[in-house]
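What follows is one structure encoded as structure tokens, with my remarks underneath.
Note that the structure is predicted; figures quoted are calculated from it, not measured.
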Amino acid sequence: MLHPAVAAISCVDCARWIFNLQTGQRETVRIGPQRIPVPQRRPAGIPTPCASCPKQSPQQAELWKLSRKNEQTYHLWQRAQATFGRAIPDHLKQDTLLARNFAELDQLHAAIDSARHHPRIVPNAR
């Protein structure tokens, strides 16, 4: 939720390709007379941007990876938010576990929005 673009990039792909961490898209270079955009491979010796990535390292990334069921729930929650609940299949509309999970996602999303709009001021350490 905090970094959806980065969440979509696997660490293996990041080691292989140059990515824009803001968009989650591969960087491209234009080649040939028609200037066709081609994904840019990470050159040998160029380190991955782990220091500026929210995942921090491939080992840390595994700790934050959603299970298949949690990922499906998250995507259903996103569709439900976008459609004012109309995307929820009828057989799930009375599911109490889904309702609880959606409520927790709502709270998490509200906390993230609040933190983005009202960042805490941290005093200088002296």
Side-chain angles (χ1 to χ4, degrees):
M1 287 181 84
L2 289 172
H3 306 282
V6 175
I9 304 168
S10 79
C11 293
V12 171
D13 282 345
C14 189
R16 190 173 295 145
W17 305 97
I18 303 287
F19 279 89
N20 179 321
L21 296 181
Q22 300 300 316
T23 65
Q25 300 296 313
R26 290 181 189 167
E27 295 288 1
T28 59
V29 292
R30 295 183 178 275
I31 61 169
Q34 295 177 337
R35 311 296 294 153
I36 298 169
V38 175
Q40 185 176 1
R41 285 201 166 274
R42 183 171 302 283
I46 300 297
T48 57
C50 294
S52 62
C53 178
K55 295 179 186 179
Q56 300 174 348
S57 72
Q59 297 78 19
Q60 283 290 111
E62 286 301 310
L63 298 175
W64 294 99
K65 190 173 181 178
L66 291 176
S67 70
R68 187 178 60 79
K69 284 183 179 182
N70 286 345
E71 191 170 358
Q72 288 174 335
T73 300
Y74 177 63
H75 290 302
L76 179 59
W77 175 80
Q78 287 180 310
R79 288 193 307 274
Q81 292 291 309
T83 62
F84 302 100
R86 289 190 282 278
I88 301 171
D90 288 336
H91 71 281
L92 293 177
K93 288 186 178 178
Q94 301 301 317
D95 187 311
T96 56
L97 178 60
L98 184 67
R100 188 195 72 182
N101 289 342
F102 275 19
E104 289 186 15
L105 284 167
D106 286 340
Q107 289 175 348
L108 180 59
H109 190 264
I112 290 168
D113 271 354
S114 178
R116 282 185 177 151
H117 296 335
H118 308 289
R120 283 193 236 150
I121 298 173
V122 179
N124 292 335
R126 293 183 192 210

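- Side chains of Ile9 and Arg26 form no contact here, defined as non-hydrogen atoms less than 4.5 Å apart.
- In this structure, Ala80 and Ile88 approach most closely via the heavy-atom pair CB-CG1, 3.8 Å.
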Give the table of side-chain donor-acceptor pairs shorter than 3.5 Å for residues 94-104, with sequence neighbours excluded, one pair per line with atom names and distance.
{"unit_1": "Asp95", "atom_1": "OD1", "unit_2": "Leu97", "atom_2": "N", "d": "2.9"}
{"unit_1": "Asp95", "atom_1": "OD1", "unit_2": "Leu98", "atom_2": "N", "d": "2.9"}

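- Across every non-hydrogen atom of Ala87 and Thr83, the tightest pair is N-OG1, 2.9 Å.
- More than 12 non-hydrogen atoms from other residues, nucleotides or ligands lie less than 6.0 angstrom from NZ of Lys93.
- Taking both residues in full, the closest heavy atoms of Leu21 and Ser52 are given as CD1-OG, 3.9 Å, listed atom of the first, atom of the second, then distance.
- With rounding to the nearest 0.5 angstrom, the CD atom of Gln59 is 8.5 Å from the SG atom of Cys11.
- Residue Arg35 holds its CZ atom at 10.5 Å from OG1 of Thr28, rounded to the nearest 0.5 Å.
- Between Pro89 and Leu76, the closest side-chain pair of non-hydrogen atoms falls below 4.5 Å.
- Side-chain heavy atoms closer than 4.5 Å link hydrophobic residues (I, L, V, M, F, W, Y) into clusters, and following such links, even through other members, never connects Val38 to Ile18.
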Just do the side chain to side chain contact (heavy atoms under 4.5 Å, CB included) check on Arg41 and Trp17 with the steps written out, would you? CA-CA 4 Å; Arg41 285 201 166 274; Trp17 305 97; 3.5 Å; yes

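- Side chains of Pro58 and Val12 form no contact here, defined as non-hydrogen atoms less than 4.5 Å apart.
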Do Arg16 and Arg42 pass the side chain to side chain contact (heavy atoms under 4.5 Å, CB included) test, and can you show the C-alpha distance, the side-chain angles, and the key distance before you say yes or no? CA-CA 5 Å; Arg16 190 173 295 145; Arg42 183 171 302 283; over 6 Å; no

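- Closest non-hydrogen pair, Asp13 versus Phe19, comes out as O-CE1, 3.5 Å.
- For Thr73 (side chain) and Lys69 (main-chain N/O), a donor-acceptor pair under 3.5 Å exists by modelled atom type.
- Here the shortest heavy-atom pairing between Ala15 and Thr48 reads CA-CG2, 3.6 Å.
- Gln78 and His75 form a side-chain donor-acceptor contact under 3.5 Å, judged by distance and modelled atom types alone.
- Atom CG of residue Leu108 and atom CH2 of residue Trp77 lie 7.5 Å apart, to the nearest 0.5 angstrom.
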